[in-house]
Participant: 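Dropping a structure here in structure tokens format, bear with me for questions.
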There are 2 protein chains.
Amino acid sequence: MVRRVYALYYWPGLPGRGEFVRLALEYAGVDYEDIALIDPEAVAYFLTDLEIKTPAFAPPYLRDGDIVIGQTALILHYLGPKLWLAPQDEAERLWLHQVQMTMGDFVGEVHDTHHPIGPELYYEDQKREAERRSASFREHRMPKYLGWFERVLRRNPHGPTFLVGDSLTYADLSLFHILAGLDYAFPRAFASLIGEYPCVQELGEYVADQPELSAYLESDRRLPFNETGIFRHYPELDD
Amino acid sequence: MVRRVYALYYWPGLPGRGEFVRLALEYAGVDYEDIALIDPEAVAYFLTDLEIKTPAFAPPYLRDGDIVIGQTALILHYLGPKLWLAPQDEAERLWLHQVQMTMGDFVGEVHDTHHPIGPELYYEDQKREAERRSASFREHRMPKYLGWFERVLRRNPHGPTFLVGDSLTYADLSLFHILAGLDYAFPRAFASLIGEYPCVQELGEYVADQPELSAYLESDRRLPFNETGIFRHYPELDD
């Protein structure tokens, strides 16, 4: 039997939404092809390939044999049980998926802090609006979502160690990445807020310390945040 | 055996995201409680109820006995098979869910045309930014998503009648509502664009004509679009 290798399609050069999938694959230690490193043009070409009957709207998408799946949260919902990063219980799996979908909404709002008018325009062409949206994000949206993650942890019937269930899931990995991204993009606002969410903070530190992840985090496969990605650091948006 | 009745929690007075769930329940002809009509305060209260171990970030959420589910696309993914509005095939169900999630992204972008800075501010306080974002939406985003729906229909191996599979699903109902909403919010832009997407247009008309839906569409349970909802008509945003 030939071992099938997952193929991850995402834009080269930035962690972006692909990183949520990459973290799950790396943590699980499974073989996968990161197409951006092998054939970057294939990422965009793939969208136009008429043979694909399930054409994702945008990257990331995952190929597993004949199956092609888009939408970050759905990719993780699909991979979760295969990578032992989801609970056994069906109701818990649905809840995990819901938590991840809500993280996706949050990530969309993070994106829009620097692109509040449209993705086809440069940041410089929507900078004034970005400053206004970022102020709202720092004051209202970031605390609202962090407070929700804290609530999810505190209401977990298994205790506040993990978001869902009694062991680490892909959503915990994603939350770790979101915290790292917020700390990169909004260091001032994040530092002044995070102390109010102790369970969230603790989970972020727990994930960062996992031996399954440390080799990846120290490797050059872990792409640094930069100003072509979702989490961007523009000092004027954090002030 | 007592027949369990679904309870839908959504803000009163606007179709909003709740309408995507309502359309599925109404089309299927199942009993459900629309909590906004029975006890509107329960919608917000529910979010703070400590007994709920799966607290949704925001409405809509659905209660089915002990199960409480949020995220519009996830509610529909859960209800789909029970309402005979999803294919039997597991891979097709995942693809259907992906299509619905992408519709959710589009609906989020529609919302942000009138709220590009933040949901806590009135439209009037972000009107200038809304005009800029709406121009980008009309020119880039609306055609991009409509084009994607057309592509999904054309690539359906069963033919271009339905988005997924060979019979009507909840995503077809949702697309109908999105088209109605775009026509309400952006009548000029929508009229000039829709002819380029004949399969999309045809599906919208097909759904509107379904006898399972007509009683609902003519009833006062079908809330009209208005300027507290997601699809809002401000003439200056369509010009």
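A note on names: the letters A, B, ... follow the listed sequences, proteins ahead of strands, and every chain is numbered from 1.
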Participant: For B:Pro55, does its backbone N or O pair with a side-chain atom of A:Trp148 as donor and acceptor, under 3.5 Å?
Facilitator: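 Yes.
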Participant: What pair of heavy atoms forms the shortest contact from A:Gly118 to B:Ser136, and how long is it?
Facilitator: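 So the minimum-distance heavy-atom pair works out to CA-OG, 3.7 Å.
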Participant: With heavy-atom distances below 4.5 Å as the criterion, would you say the side chains of B:His140 and A:Pro119 are in contact?
Facilitator: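 Heavy-atom side-chain distance check fails, nothing below 4.5 Å.
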Participant: So does A:Glu202 have more than 12 non-hydrogen atoms from other groups sitting under 6.0 Å from CD?
Facilitator: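 No, the 6.0 Å shell around CD holds no more than 12 heavy atoms from other groups.
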Participant: Can you see which heavy atom on A:Arg155 is nearest to which on B:Ile52, and at what distance?
Facilitator: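 Here A:Arg155 and B:Ile52 meet closest at NH1-O, 2.8 Å.
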Participant: Could you tell me if the side chain of A:Glu129 sits less than 4.5 Å from the side chain of B:Pro116, heavy atoms only?
Facilitator: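 No - every pair of side-chain heavy atoms lies 4.5 Å or more apart.
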Participant: Decide side-chain contact (heavy atoms from CB on, under 4.5 Å) for B:Lys144 and A:Phe57; before the verdict, give the C-alpha distance in whole Å, the side-chain angles of both, and the deciding distance to 0.1 Å.
Facilitator: CA-CA 9 Å; B:Lys144 184 166 167 139; A:Phe57 183 78; 3.5 Å; yes
Participant: Check this for me: does any side-chain nitrogen of one of B:Arg133 and A:Asp112 sit under 4.0 Å from a carboxylate oxygen of the other?
Facilitator: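 A salt bridge links B:Arg133 with A:Asp112.
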Participant: Can you confirm whether more than 12 heavy atoms, excluding those of A:Glu139, are under 6.0 Å from its CD atom?
Facilitator: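 Counting neighbours around CD of A:Glu139, 12 or fewer heavy atoms of other residues, nucleotides or ligands fall under 6.0 Å, so no.
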Participant: Side chain, backbone, both or neither: which part of B:Leu50 has a non-hydrogen atom closer than 4.5 Å to chain A?
Facilitator: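 Contact with chain A: backbone and side chain both.
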Participant: With respect to chain B, which residue among A:Gly108, A:Ala56, A:Pro157, A:Ala91 yields the maximal number of heavy-atom pairs within a distance under 4.5 Å?
Facilitator: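 Ranked by contacts with chain B, first place is A:Ala56.
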Participant: Checking B:Thr48 against chain A: side chain, backbone, both or neither under 4.5 Å from a heavy atom?
Facilitator: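 The answer is the backbone of B:Thr48.
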Participant: CD of B:Gln71 to CD of A:Gln98: how many Å apart, nearest 0.5 Å?
Facilitator: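 The CD atom of B:Gln71 sits 6.0 Å away from the CD atom of A:Gln98.
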Participant: Is there side-chain contact between A:Arg132 and B:Leu121, with heavy atoms separated by less than 4.5 Å?
Facilitator: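 Yes, their side chains come closer than 4.5 Å.
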Participant: Chain A heavy atoms under 4.5 Å from B:Asn156: which part of the residue, side chain, backbone, both or neither?
Facilitator: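 Neither part; nothing is under 4.5 Å.
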Participant: Side chain, backbone, both or neither: which part of B:Tyr145 has a heavy atom under 4.5 Å from chain A?
Facilitator: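 Answer is both: backbone and side chain atoms of B:Tyr145 are under 4.5 Å from chain A.
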Participant: Please list, chain by chain and in numerical order, all residues satisfying salt bridge (Lys or Arg N to Asp or Glu O under 4.0 Å) with B:Glu124, sequence neighbours excluded.
Facilitator: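 None.
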Participant: Hey, is OH on A:Tyr123 packed in by over 12 heavy atoms from elsewhere, all under 6.0 Å?
Facilitator: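 Enclosed: over 12 neighbouring heavy atoms sit under 6.0 Å from OH of A:Tyr123.
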Participant: Can you name the nearest heavy-atom pair linking A:Leu94 to B:Leu74, along with the distance?
Facilitator: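 Looking at all heavy atoms of both residues, the closest pair is O-CD2, 3.5 Å.
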Participant: At a heavy-atom separation under 4.5 Å, does A:Arg141 approach chain B through its side chain, its backbone, both, or neither?
Facilitator: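 Just its side chain gets close to chain B.
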Participant: Counting only heavy atoms closer than 4.5 Å, note whether A:Asp66 contacts chain B via side chain, backbone, both or neither.
Facilitator: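 The answer is neither part of A:Asp66.
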Participant: For B:His97 and A:His97, take the angle between the two ring planes, folded into 0 to 90°, and tell me which bin it lands in: parallel under 30, tilted 30 to 60, perpendicular over 60.
Facilitator: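 If you compare the ring of B:His97 with that of A:His97, the planes turn out perpendicular.
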